[in-house]
Amino acid sequence: MSKSRIETKYSGIRVLLIEGRARQIMPLMKSLHAFGCHITTYNSTKLDMGYASRYPDKKLLRYCDAKDEEGTYKAIRKELMTKLYDLVIPLNDFVAIILSKHKEELKNYVSIAVNDWDVFQYASDKLKTMKICMENDIPCPQTYIADEALGNLSAMNLTYPVCIKPRTGFSAVGFRKIDKPEEIASIVKASVEKYGPCLIQEYIPQTDLQYKAELFVDRQGEIKSACVFAKVRWYPLEGGSSTLNVTVHRPDIVESCGQLLKALNWRGYADIDLIQDPRDNTAKVMEINPRITGSVKICYVAGVNFTEQILQDYLGEEVTTYMEYPEGQYLRYLLTDILWFLKSKDRFHCKPSWFDFRNSVDQIWSGDDPWPFFTYTIQGATKLSGDKKKRKL
């Protein structure tokens with residue numbers, strides 16, 4: 001299929017997107033194409049959306065395995081050493097960590113849209129993020145290190161229930177609620193064995209909304225955009241990725257998230273997860289995702305163009321400000337929202353109605369680029385059982 005291309009001041013910038021299976025690649029490819037950039041996608045299989053899409057100018061099949069950091073780094077480095085790219089943007093935590101760790105070496109070949117490791121590591125490690133929040137009076141759950149030896153648990157004076165989660169990770173993988181003191185020893189031991197270093201955290205009742213805040217910080221440390229949206233539904237039901245989001249105005253969330261990023265000396269894009277604590281009606285920071293989120297399409301639909309900001313930052317230009325956006329724009333992840341419908345007892349009583357598609361767009365589906373929806377569905381069917389195994393101790 002031929003693609004019309006409009007000449008802009010960003011025309012010809014050679015952008016590499018890693019990796020092609022990530023949901024956020026869809027709005028990024030479309031917006032980069034609209035700006036006239038030359039787009040290359042780094043894919044693991046031909047089923048990746050970055051390979052199936054009509055928008056890339058070049059589609060790579062390269063090695064990328066989250067279980068093999070060294071092998072993946074070597075494959076990425078080999079590609080970047082070709083100097084065929086001006087800018088590389090990571091689309092998942094694993095690749096973002098690799099690029100940040102090796103940024104000093106790799107920047108000789110390409111500009112990398114991630115923070116330096118001394119800053120980045122505070123976002124990739126939930127315990128470090130929570131320590132920064134607690135030191136700066138930014139609302140967050142009380143957090144402790146989970147020591148497999150259990151030597152420090154008695155000194156924590158924990159109030160149950162608590163929860164345990166991996167210090168690194170995403171999509172609530174490894175999250176486990178602990179209701180009684182007698183359960184903690186076995187659960188901590190099993191969690192550390194399966195997921196590595198973990199943390200113990202004050203459990204916040206999940207009877208209120210969860211939120212995401214997407215921000216962009218320019219080179220001078222100024223917040224240039226902030227878009228907040230609520231997670232209306234999520235799957236798995238006990239805690240997971242959102243299936244329906246809606247844009248909201250929450251100045252308090254923007255303020256606390258901006259305070260956190262400034263405390264970190266953060267630059268560029270950041271995605272921050274929060275949960276509303278019904279006990280004190282405060283939105284509390286849960287973690288920073290140091291790369292573009294899978295739900296970022298809702299921001300683009302609401303008029304917040306992170307692609308433009310990333311390109312402006314790359315060129316050293318003044319970054320456009322996007323602080324205003326409409327409330328009530330919905331983003332639906334239909335594939336998992338169907339699973340939510342099948343599992344939830346509230347399927348016929350939820351608000352908005354599951355059957356209400358007004359003012360709503362889908363995360364994956366695009367009428368002018370439909371094929372990725374079908375390849376992603378095939379991938380998702382095989383991935384679902386694997387995700388369930390990862391969450392089970």
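As the structure is a computational prediction, the values presented were derived from the model and not from experiment. Quick note: residue numbers are just sequence positions, from 1.
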4.5 Å side-chain heavy-atom contact, [X] and [Y]:
X	Y	result
Ile288	Leu264	yes
Tyr85	Ile13	no
Pro90	Val114	yes
Val188	Ile200	yes
Ser295	Ser242	yes

Pair [X] + [Y], salt bridge at N-O below 4.0 Å:
X	Y	result
Asp252	Arg250	yes
Asp362	Arg332	no
Glu183	Lys177	no
Glu202	Arg279	yes
Glu317	Lys9	yes
Lys189	Glu193	yes

Query raised in the report: For the residue pair His249 and Tyr325, does the interplanar ring angle fall in the parallel (under 30°), tilted (30 to 60°) or perpendicular (over 60°) class?
Result: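 Plane angle over 60°, so perpendicular.
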Query raised in the report: In terms of ring plane angle, is the pair Trp365 and Phe374 parallel, tilted or perpendicular, where the classes change at 30° and 60°?
Result: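 Aromatic pair Trp365/Phe374 classed perpendicular.
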Assert yes or no for the condition that the ring centre distance of [X] to [Y] is strictly below 6.0 Å.
X	Y	result
Tyr63	Tyr42	no
Tyr269	Phe216	no
Phe341	Trp354	yes

Side chains of [X] and [Y]: do they bring a donor and an acceptor to under 3.5 Å?
X	Y	value
Asp218	Gln309	no
Asn281	Gln276	yes
Ser53	Asp369	yes

Query raised in the report: Quick one: is the NZ or CZ of Lys180 closer than 6.0 Å to the six-membered ring centre of Tyr160, and within 45° of its axis?
Result: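 No; the conditions do not both hold, so Lys180 does not lie above the ring face of Tyr160.
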